[in-house]
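As structure tokens, the structure follows; a few thoughts come after it.
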Amino acid sequence: SQELEQSPQSLIVQEGKNLTINCTSSKTLYGLYWYKQKYGEGLIFLMMLQKGGEEKSHEKITAKLDEKKQQSSLHITASQPSHAGIYLCGAVLGGATNKLIFGTGTLLAVQP
Amino acid sequence: DAGVTQSPTHLIKTRGQQVTLRCSPISGHKSVSWYQQVLGQGPQFIFQYYEKEERGRGNFPDRFSARQFPNYSSELNVNALLLGDSALYLCASSLEGALYEQYFGPGTRLTVT
């Protein structure tokens, strides 16, 4: 099984609706990243969370880290077509501080 | 300031050939990591370099090698290319390692025929 699970795998929402993407780890999280990727392109850094209970926001995107549950959520408020893309969570797991482990991503489509 | 740059953007090679991919980190960043992303999957860690020293290696065969130069730029080399090496190769730059904000470049799309 995957060390980092994302859900849902894909999501279609109407413009203006809110949505949440989850990322759950099977190991202790030492750092959790959220990235956005357009098909075939590089990863765009959104946020990094390191402390339990930490919450960060960037424009209409908010991410939270629940360290006890080994889980993070990404919430988009009032979605827009510009939010469409693939959202990836990446994490520093266990003692391996030299690398990120990634989930398989969540494909988001926003219908006008 | 410029972000992470990678070259070339696209590359087509034949099985058995060798390829070199290049990465320049953000100014001031001393760590470079390489990842391979196959279509439909998340990136997989290949190498991390910090101050020209290899700090970590993922589960990739010895055909994959890398190095980091005094100016902190890096090269990833892949020998004896296989069809399965076709992927997007991503370079990430950070101050020191994965516990510091990691910024990715646009990637190099490698196609092996």
Side-chain angles (χ1 to χ4, degrees), chain A residues 1-7 9-10 21 23-51 54 56 58 63 65 67 72 74 85-107, chain B residues 3-7 9-10 21 23 25-26 29-51 53-60 66 68 86-111:
Chain A
S1 63
Q2 289 271 354
E3 291 179 289
L4 213 56
E5 297 274 358
Q6 276 187 246
S7 62
Q9 288 188 325
S10 63
I21 299 168
C23 178
T24 303
S25 170
S26 60
K27 295 181 179 179
T28 302
L29 290 167
Y30 287 87
L32 193 290
Y33 289 81
W34 284 100
Y35 292 94
K36 179 184 175 185
Q37 185 178 32
K38 291 286 190 181
Y39 180 80
E41 299 180 6
L43 277 61
I44 299 167
F45 176 85
L46 296 176
M47 275 165 276
M48 179 188 178
L49 307 166
Q50 285 189 292
K51 299 175 185 176
E54 189 173 9
K56 288 187 177 179
H58 174 68
L65 179 62
E67 208 170 48
S72 178
L74 184 84
I86 301 167
Y87 288 82
L88 286 157
C89 66
V92 180
L93 299 179
T97 59
N98 57 358
K99 65 181 180 182
L100 293 181
I101 302 296
F102 283 90
T104 52
T106 295
L107 177 61
Chain B
V4 181
T5 59
Q6 291 187 244
S7 63
T9 306
H10 295 90
L21 311 181
C23 171
I26 292 170
H29 284 190
K30 298 180 178 181
S31 173
V32 169
S33 299
W34 288 95
Y35 290 80
Q36 180 196 64
Q37 187 179 26
V38 174
L39 195 62
Q41 297 182 17
Q44 297 287 320
F45 172 75
I46 308 175
F47 286 109
Q48 189 227 344
Y49 275 78
Y50 174 69
E51 291 276 20
E53 298 286 329
E54 182 183 303
R55 281 278 190 90
R57 184 187 183 109
N59 189 23
F60 280 81
Q68 187 176 32
S86 296
L88 181 67
Y89 288 85
L90 296 161
C91 171
S93 155
S94 73
L95 285 172
E96 183 171 343
L99 289 177
Y100 296 79
E101 291 183 354
Q102 297 235 324
Y103 297 90
F104 282 79
T108 293
R109 170 69 62 186
L110 172 65
T111 302

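Proteins come first, then strands; the chains are lettered A, B, ... in the order of their sequence lines, and each starts at number 1. Values below: all heavy atoms of this structure, side chains included; hydrogens, waters and symmetry mates excluded. Given the structure is predicted, the values throughout are model-derived calculations rather than measurements.
The distance from atom CD of Gln50(A) to atom CD of Glu101(B), rounded to the nearest 0.5 Å, is 8.5 Å. Expressed to the nearest 0.5 Å, how far CZ of Arg57(B) lies from NZ of Lys99(A) amounts to 12.5 Å. To the nearest 0.5 Å, the span separating CD on Gln41(B) from CZ on Phe102(A) amounts to 13.0 Å. Taking OH of Tyr100(B) as the reference point, atom OG1 of Thr97(A) lies at 9.5 Å (rounded to 0.5 Å). The CG atom of Leu43(A) sits 10.0 Å away from the OH atom of Tyr35(B) when rounded to the nearest 0.5 Å. Atom CZ of Phe104(B) sits about 9.0 Å away from atom CG of Leu88(A), to the nearest 0.5 Å.
The aromatic rings of Tyr103(B) and Phe45(A) lie tilted to each other, with the angle between the two planes from 30° to 60°.
In terms of heavy-atom pairs under 4.5 Å with chain A, the best-connected choice from Gly107(B), Ser94(B), Pro106(B) is Pro106(B). Among Gly40(B), Gly42(B), Ala98(B), the residue making the largest number of heavy-atom pairs under 4.5 Å with chain A is Ala98(B). Note: Leu100(A) leads Leu107(A), Thr104(A), Ile101(A), Leu100(A) in heavy-atom pairs under 4.5 Å with chain B.
Summarising the geometry of Asn98(A) relative to Ser33(B), their closest heavy-atom pair is O-OG, 4.4 Å, with the distance given to 0.1 Å. In terms of heavy-atom proximity, Gln37(A) sits nearest to Leu88(B) at NE2-CD2, 3.9 Å.
Contacts between Gln37(B) and chain A at a heavy-atom distance below 4.5 Å involve the side chain alone, from C-beta outward. With a threshold of 4.5 angstrom between heavy atoms, Leu99(B) approaches chain A through its backbone and through its side chain. At a 4.5 Å heavy-atom cutoff, the contact between Tyr33(A) and chain B is made by side-chain atoms alone.
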